Structures are given as C-alpha cells and as structure tokens.
Amino acid sequence: MTVRPARDREQGPRRDPDGTAVEAAAMTGERPGRRTARQWRLSRRWRRATLVLHLLSAGAWFGVDVIVAVLVLTGWFASDVEMRSLAYRALAEFVALPMLLSGLLCLVTGLLLGLGTKWGLVRYWWVAVKLTLNLLLCVLILVVLQPGMDAVADYGEQLLVGSPSSGRVRTLFFPPAVSLSALAFATVLAVYKPWGRLRREHGSS
C-alpha cells in the first residue's frame with residue numbers, strides 16, 4: 001500500500017492531468033486554479049421560452065405601430081368625415097395601452113436574456129443600445145403619447161360637429177415613425193451584433 005505524503009493529502013487530489021481545465025480556463029478568460037463566483041444563467045429551456053416571448057412582443061409592437069400609422073393616415077386623408085372621426089377615436093381608445101404593454105414585455109424579456117445569457121446588460125454595445133432604445137420608447141409612450149390621447153378623442157368627436165383645431169393631430173405621425181425606426185434599428189443590432197464589447201472583463205488581456 002502506498003502512503004501519500006502529508007503535503008499531497010492537504011492539497012487534495014491532483015486535477016486535470018490532461019490539461020482540460022487549463023484549456024477551458026483559456027477559453028473563458030479565467031485563470032487556472034482561480035475560483036470565481038458562478039453567474040446566474042437561464043437554462044436552455046427557459047432561454048428559448050424567453051426569446052420566443054421577446055420576439056413575439058417585438059412583433060406585436062411593430063404591429064401596433066403600423067396600426068397607429070394607418071389610423072393617423074386615415075384621419076388625415078380619408079374623404080369621409082365619419083371615417084376620419086372613427087380613426088381618431090379608435091386611436092385614442094385602443095392604441096396606447098397595447099403599445100405600452102408590448103414595449104414593457106419586450107423590455108422585461110430583454111433584461112432577462114441579458115442577465116441570464118453570456119451577453120450581459122452592459123457587456124456589449126449592441127445589447128446596451130437595444131435596452132436603452134426600448135426603455136426610452138416606453139418612457140415616451142407614458143410621458144408623451146398617452147397624455148395626449150384625450151385631446152385626440154375630443155378632436156375625433158368635434159369633427160362630426162364642426163371644424164376643430166388640428167394642432168394636436170398634426171404631430172401624430174411622429175410617434176409611429178420614431179417607434180418603427182427605433183425598432184427596425186434594434187432588429188438590425190440584434191442580427192448583426194456590431195461594435196464589440198462595451199468594456200473588458202476583469203482579468204482579460
């Protein structure tokens with residue numbers, strides 16, 4: 001029977017005789033033998049489910065913006081006054097809340113994907129820019145779009161009885177135009193993932 005030296009017993013069994021741990025450490029940027037806190041990750045099943053929700057919410061957001069653009073153009077150019085009035089009243093009644101909910105769902109799932117995957121939230125430029133755009137658009141819905149919907153509804157009702165001031169509705173095309181442009185840009189970022197890392201990880205060269 002072979003007796004191991006006391007020094008070997010204190011250090012424990014030798015690891016990685018074939019260099020696997022060293023190779024894995026080189027791939028991940030960790031130093032061999034150095035223990036690091038394990039970062040929380042979504043499981044494969046939950047990552048896929050979250051990604052599906054993220055894509056569906058983004059698609060719904062696109063769809064709501066298209067509906068807003070159609071309603072605004074109908075309110076501007078329709079020849080029938082009743083149709084114009086209906087377009088503005090539908091815009092005020094049904095659009096802001098679905099847009100906000102889809103935007104918030106897109107934001108929450110984006111945060112989960114950032115925190116629970118290798119991309120992180122502030123590790124890569126494209127992720128940080130996407131999240132910033134998402135948050136900014138949600139704030140604009142709450143601060144700019146939603147408060148003006150009562151005036152849009154009033155304008156739609158007044159169309160049936162006279163010639164109301166069109167000052168408010170002249171700017172209605174900007175929300176869907178800005179939102180669609182930002183969402184299209186975010187889609188491009190998600191596909192091409194440009195610009196690389198926002199900051200280097202600790203311990204990386």
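Numbers here simply count residues along the sequence, with the first being 1. Note that the coordinates shown come from a computational prediction; the quantities given were computed from them, not determined experimentally.
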Grab the two heavy atoms, one from [X] and one from [Y], that are nearest each other, plus how far apart they are.
{"X": "Trp40", "Y": "Leu112", "result": "CZ3-O, 4.4 Å"}
{"X": "Leu172", "Y": "Met149", "result": "CD2-CE, 4.3 Å"}
{"X": "Ala96", "Y": "Gln146", "result": "CB-OE1, 2.8 Å"}
{"X": "Leu91", "Y": "Val152", "result": "CD2-CG1, 4.2 Å"}
{"X": "Arg47", "Y": "Leu42", "result": "NH1-O, 3.9 Å"}

Separation of [Y] [atom2] from [X] [atom1] (nearest 0.5 Å):
{"X": "Leu71", "Y": "Met83", "atom1": "CG", "atom2": "CE", "result": "11.5 Å"}
{"X": "Leu107", "Y": "Asn134", "atom1": "CG", "atom2": "CG", "result": "4.5 Å"}
{"X": "Leu86", "Y": "Thr74", "atom1": "CG", "atom2": "OG1", "result": "9.5 Å"}
{"X": "Phe62", "Y": "Ile67", "atom1": "CZ", "atom2": "CD1", "result": "14.0 Å"}
{"X": "Phe185", "Y": "Trp126", "atom1": "CZ", "atom2": "CH2", "result": "12.5 Å"}
{"X": "Leu145", "Y": "Leu137", "atom1": "CG", "atom2": "CG", "result": "11.0 Å"}

Q) Would you find a donor on one side and an acceptor on the other, under 3.5 Å apart, between the side chain of Asp65 and the backbone of Pro176? A) no

Q. Would a distance-only check, ignoring hydrogens and angles, find a side-chain to backbone donor-acceptor pair under 3.5 Å from Ser102 to Pro98?
A. yes

Q. Would you say Leu97 and Leu56 are hydrophobically clustered, going by side-chain heavy atoms of ILVMFWY under 4.5 Å?
A. no

Evaluate the side-chain proximity of [Y] to [X]: yes if any heavy-atom separation is below 4.5 Å, no if none is.
{"X": "Cys106", "Y": "Trp61", "answer": "yes"}
{"X": "Arg84", "Y": "Tyr155", "answer": "yes"}
{"X": "Thr109", "Y": "Ser57", "answer": "yes"}
{"X": "Val72", "Y": "Tyr88", "answer": "no"}
{"X": "Leu101", "Y": "Leu105", "answer": "no"}

**Q.** Aromatic plane relationship, Tyr124 with Trp119 - under 30° parallel, 30 to 60° tilted, over 60° perpendicular
**A.** perpendicular

(Q) Go through it in stages, so that I can follow the logic: the residues are Arg89 and Ser85, the test is side-chain hydrogen bond (donor to acceptor under 3.5 Å, both in side chains), and I'd like the CA-CA distance, side-chain angles, deciding distance and then a yes or no. (A) CA-CA 6 Å; Arg89 286 181 285 132; Ser85 173; 3.1 Å; yes

(Q) Taking side-chain contact (heavy atoms from CB on, under 4.5 Å) as the criterion, tell me which of Val139, Leu140, Ile141 meets it with Val143. (A) Val139

